[in-house]
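Quick caveat: nothing in here was measured; it's all calculated off a predicted structure. Residue numbers begin at 1 in each chain, while the letters A, B, ... track the order of the sequences.
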Protein chains: 2
Amino acid sequence: MNTTIDRALVQKLPLFVRAGDAGTEAILATAVSRRYGAGAKVFDQGQAADQFFILLHGCLRVSQTTSTGQPIIVRIVNPGELFGIAKALRRTDYPGTATAVSESIALAWPMVAWDGLFERHAALAVTAMQTIGGQLQQAHARIRELATENVERRVAHTVLRLVSQLGKPEAGGTRIDFPVSKQDIAELSGTTLHTVSRVLTAWEGHGLVQGGRQKLLVRDLARLQQISDGIL
Amino acid sequence: MNTTIDRALVQKLPLFVRAGDAGTEAILATAVSRRYGAGAKVFDQGQAADQFFILLHGCLRVSQTTSTGQPIIVRIVNPGELFGIAKALRRTDYPGTATAVSESIALAWPMVAWDGLFERHAALAVTAMQTIGGQLQQAHARIRELATENVERRVAHTVLRLVSQLGKPEAGGTRIDFPVSKQDIAELSGTTLHTVSRVLTAWEGHGLVQGGRQKLLVRDLARLQQISDGIL
DNA sequence: CGCTGTATTGACAACGTTCAACGGTTGTGG
DNA sequence: CCACAACCGTTGAACGTTGTCAATACAGCG
């Protein structure tokens with residue numbers, strides 16, 4: 001699974017731009033490159049956190065399972081973002097399970113290198129901060145939605161967030177170009193797949209979206225925005 | 001409102017323990033101490049973020065108001081925690097409103113000093129990281145609750161969290177020793193004050209808690225735990 | 001071709017919000 | 001010192017949204 005590090009992929013990332021050439025080499029010295037096929041797990045919830053990662057290519061889904069067994073999706077990881085940084089949360093185990101949604105490549109460092117790297121390279125500290133900061137803002141947005149909005153608005157928000165993170169323009173709309181099941185949307189929205197199904201069929205009737213098995217094409221972004229803002 | 005910095009309050013905080021004596025002096029050089037009476041606002045949602053803070057003494061409540069005007073409480077700030085660190089979230093304005101719940105003292109730095117302090121003092125970076133990391137974990141816990149649990153469990157979680165952050169042991173139970181209105185609990189739990197009232201009266205009937213005007217005494221922590229875990 | 005995972009749909013029950021009215025406490029001004 | 005207003009909390013009833021249960025359909029895959 002280990003391969004040589006692809007410099008072309010690395011050089012574009014904000015982290016390494018910030019670090020400069022010398023810094024980049026120093027940071028990469030202790031890293032290994034890993035490849036994960038679609039569906040492969042990078043780490044499991046509860047497992048000892050002995051590595052941290054940055055995603056170079058592809059897309060991951062981080063989910064947690066509650067004590068009652070109900071799963072929720074915590075985060076979608078995009079290229080350039082750090083993940084598995086349990087140490088930043090003062091944890092020794094991973095709080096969630098990371099699964100590759102599509103074919104992915106990540107750099108991995110041993111967690112013992114964390115403190116040293118963090119202190120020596122401000123660029124890493126800044127990137128880690130921004131990753132966590134971004135997550136925190138998304139988390140607060142979700143809390144606001146879950147606490148104050150009805151299902152339809154929440155689903156609209158979820159779809160819009162997916163579009164902005166993973167959307168690809170296409171004739172007649174924007175496609176979410178990786179397998180999203182209704183179950184996924186339900187877990188992101190805090191509802192059940194049944195209700196999601198109902199909402200989406202209603203939207204489809206009005207020509208807002210076009211669904212399919214693990215597929216979704218958004219036809220009318222503006223209208224979706226209005227729904228998510230509570231105007232409709 | 002400015003006063004001299006109380007070293008006794010400062011020295012105990014993890015941030016300054018980590019920074020050492022020399023580091024502490026350097027960090028404090030650009031800080032001013034501020035006092036806020038109960039109910040006073042430290043900053044307002046949307047206001048330009050020109051300062052960041054660490055709470056020395058007292059207790060703050062950070063809340064956000066949604067576009068529809070419904071408020072939710074985002075965070076309770078305890079002594080030793082950083083707050084108003086908009087820069088870490090890559091924002092130029094404060095995302096919420098910070099209000100002193102009880103008489104409070106905070107240190108304030110101009111936001112322009114952020115980058116310099118952050119790079120020069122790893123202790124500050126670590127503390128900031130831990131503050132945000134802790135918030136992120138709490139946020140994820142709340143998301144899990146809101147997405148999967150019924151109102152009673154959520155209220156139980158909220159009360160337990162309040163107890164662990166602000167509880168004072170007392171004859172016959174643990175008191176939350178600052179004014180908590182049912183409205184506050186409702187906003188933290190993502191429900192309405194009516195429902196909170198019903199839940200608490202039911203609990204009171206079973207001897208779990210004892211309520212009062214803006215007061216709450218928890219009599220049976222273990223049982224509350226069980227409710228929050230879904231055992232009851 | 002049957003199996004498994006995913007999706008659709010209807011009927012129904014329940015939980016929680018909304019609406020409305022009322023009771024009690026605190027603080028204020030005459 | 002009392003009357004009054006403002007605020008906080010309680011409670012009942014009705015309504016609506018959403019989850020639950022159940023049956024069915026369909027696609028992909030061995």
Roughly how many Å is it from [atom1] in [X] to [atom2] in [N], rounded to a whole number?
X        : N      : atom1 : atom2 : result
B:Arg154 : C:dT17 : CZ    : C1'   : 12 Å
A:Trp203 : C:dT8  : CH2   : P     : 13 Å
B:Asn150 : D:dT18 : CG    : C1'   : 14 Å
A:Leu146 : C:dT17 : CG    : P     : 13 Å
B:Leu193 : D:dC8  : CG    : P     : 10 Å
A:Glu149 : C:dG16 : CD    : P     : 19 Å
B:Lys215 : D:dG9  : NZ    : P     : 11 Å
A:Glu187 : D:dG19 : CD    : P     : 13 Å

* Which residue lies more 5' along DNA chain D, comparing B:Arg198 with B:Lys182 via nearest heavy atoms ->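 This one resolves to B:Lys182.
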Side chain of [X] only, please: which of [options] is the nearest?
X        : options                : result
A:Gln214 : D:dG19, C:dT17, C:dT6  : C:dT6
B:Thr191 : C:dG16, D:dG19, C:dT6  : C:dG16
A:Arg213 : C:dT17, D:dT11, D:dC26 : D:dC26

Where the side chain of [X] meets the backbone of [Y], is there a donor-acceptor pair that is under 3.5 Å apart?
X        : Y        : answer
A:Gln45  : A:Thr65  : yes
B:Asp184 : B:Glu187 : no
A:Arg154 : A:Glu149 : yes

* State whether the distance check finds a donor on one side and an acceptor on the other, under 3.5 Å, for side chain B:His194 versus base C:dT18. =>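 By the distance-only test, no, there is no pair.
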Quick check on [N]: is either OP1 or OP2 less than 4.0 Å from any side-chain nitrogen or oxygen of [X]?
X        : N      : answer
B:Thr195 : C:dT17 : yes
A:Ser197 : C:dT8  : yes
B:Thr192 : C:dT18 : no

* Determine whether the side chains of A:Gln138 and A:Arg161 contain a donor N or O and an acceptor N or O closer than 3.5 Å. =>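 No, A:Arg161 and A:Gln138 have no side-chain donor paired with an acceptor closer than 3.5 Å.
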* To do: State which residue, out of A:Phe53, A:Trp109, A:Phe52, A:Tyr94, fulfils the ring pair (Phe, Tyr, Trp, His ring centres under 6.0 Å) condition with A:Phe83.
  =>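 So the option named by the test is A:Phe53.
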* Remember a base hit wins even if backbone is also touched, and classify B:Ser181 as base, sugar-phosphate or nothing at under 4.0 Å, heavy atoms. =>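 Sugar-phosphate, backbone atoms only, no base.
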